[in-house]
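Remarks on the structure that follows.
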Amino acid sequence: MEQTTTKLSDFGIRERLLAQELLNAWNEQGLPEDFYPDQVEIMMNRHSGFVFLTNSEYQVAMMNGDRLESFYVTPYDGIEGFLEELLEQVDGMCDENREFTLALK
């Protein structure tokens, strides 16, 4: 079984409610500024239960509290998080990940 799915028939009640929250936030707030609006889909990670938006560039947007924000993965160590979470870890990152993270500001 694949780890992620876009098939809404695979979403349970909880996941459909999270998808609804994403769509409402998209309508009210728009997509994050750095998130490309090309081929946007709702996706669920079956293992984590996360529901998020993704696009043709494999970018991810998720709810961070009541805000729809980009969710990042650093290119070298695969550190995951929203921008503020990555900035909290920037001093311990390798040079390449630090450069990547600081460029997001």
Side-chain angles (χ1 to χ4, degrees):
M1 180 183 298
E2 291 189 30
Q3 184 171 340
T4 58
T5 183
T6 58
K7 289 176 41 181
L8 292 176
S9 60
D10 291 343
F11 287 43
I13 293 171
R14 174 191 165 276
E15 291 81 14
R16 289 193 306 270
L17 288 170
L18 292 171
Q20 180 180 8
E21 185 179 5
L22 283 171
L23 292 173
N24 288 338
W26 183 2
N27 285 337
E28 295 168 9
Q29 303 168 20
L31 292 170
E33 193 173 304
D34 63 347
F35 188 89
Y36 300 117
D38 188 43
Q39 298 177 17
V40 178
E41 296 182 299
I42 296 174
M43 185 171 279
M44 174 184 62
N45 182 311
R46 296 174 198 261
H47 297 291
S48 68
F50 289 144
V51 178
F52 50 93
L53 299 176
T54 188
N55 61 19
S56 61
E57 299 295 316
Y58 305 104
Q59 292 176 302
V60 171
M62 295 175 58
M63 296 304 297
N64 185 8
D66 61 354
R67 301 281 315 151
L68 180 59
E69 296 183 9
S70 290
F71 187 85
Y72 303 99
V73 178
T74 61
Y76 292 91
D77 295 331
I79 301 168
E80 298 179 341
F82 296 104
L83 179 57
E84 73 239 13
E85 295 168 331
L86 294 179
L87 289 172
E88 290 172 1
Q89 302 176 60
V90 76
D91 289 337
M93 291 180 179
C94 68
D95 291 341
E96 294 86 353
N97 285 341
R98 185 178 308 110
E99 183 178 316
F100 168 82
T101 300
L102 294 176
L104 297 172
K105 289 175 46 175

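The first residue of the sequence shown is numbered 1, and numbering continues consecutively from there. Side chains are part of it too, since the values below use all heavy atoms of this structure and drop only hydrogens, waters and symmetry mates.
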* Asked: Is the number of heavy atoms from other residues, nucleotides or ligands within 6.0 Å of CD (Glu96) greater than 12?
  -> yes
* **Under the side-chain hydrogen bond (donor to acceptor under 3.5 Å, both in side chains) test, residues paired with Asp77 that sit two or more places apart** => Asn97
* Do the side chains of Leu102 and Phe100 join up, straight or via other hydrophobic residues, at under 4.5 Å, putting them in one cluster? -> yes
* Asked: Looking at residues at least two apart in the chain, or sitting in another chain, which of them share a side-chain hydrogen bond (donor to acceptor under 3.5 Å, both in side chains) with Glu15?
  -> none
* **Verify same cluster id: Phe35, Leu23 (apolar side-chain graph, 4.5 Å)** => yes
* **Spacing of CD belonging to Glu41 relative to NZ belonging to Lys7, to within rounding of 0.5 Å** => 13.5 Å
* Shared hydrophobic cluster, Val40 / Val51 (ILVMFWY, side-chain heavy atoms < 4.5 Å) -> yes
* Do side-chain atoms of Gln29 reach the backbone of Leu68 as a donor and acceptor pair under 3.5 angstrom? -> yes
* Group every Ile, Leu, Val, Met, Phe, Trp and Tyr by side-chain heavy-atom contacts under 4.5 Å, then state whether Phe71 and Trp26 land in the same group. => no
* Closest heavy-atom contact between Met43 and Thr54? -> CE-CG2, 4.0 Å
* **Separation of Ile79 CD1 from Met93 CE (nearest 0.5 Å)** => 4.5 Å
* Structure fact -> When rounded to the nearest 0.5 Å, the distance separating CE of Met63 from CG of Leu53 is 9.5 Å
* Asked: Taking C-beta and beyond as the side chain, do Asn45 and Phe52 meet within less than 4.5 Å on heavy atoms?
  -> yes
* To do: Looking only at non-hydrogen atoms, find the nearest pair between Leu22 and Ala61 and report the distance.
  => CD2-O, 4.2 Å
* Can you see which heavy atom on Arg14 is nearest to which on Gly49, and at what distance? => NH1-O, 3.0 Å
* Are Leu17 and Met44 connected, step by step, through hydrophobic side chains (Ile, Leu, Val, Met, Phe, Trp, Tyr) whose heavy atoms are closer than 4.5 Å? -> no
* Structure fact -> Ser70 and Asp34 have their tightest heavy-atom pair at OG-OD1, 2.6 Å
* Minimum heavy-atom distance Phe11-Ile42, with the two atoms named -> CE2-CG2, 3.8 Å
* To do: Calculate, to the nearest 0.5 Å, the distance between atoms CG and CD belonging to Asp66 and Glu69 respectively.
  => 9.0 Å
* Report yes if some heavy atom in the side chain of Pro37 is under 4.5 Å from a heavy atom in the side chain of Asn55; otherwise report no. => no
* Structure fact -> Separation between CD (Gln3) and OG (Ser48), nearest 0.5 Å, reads 7.0 Å
* Any chance you could measure Thr4, atom OG1, to Arg46, atom CZ, to the nearest 0.5 Å? => 8.0 Å
Pairs of donor and acceptor atoms involving the side chains of residues 80-87, under 3.5 Å and at least two apart or interchain, shall be tabulated with distances.
| from | atom 1 | to | atom 2 | distance (Å) |
| --- | --- | --- | --- | --- |
| Glu84 | OE2 | Asn64 | ND2 | 2.9 |
| Glu85 | OE1 | Phe82 | N | 2.8 |

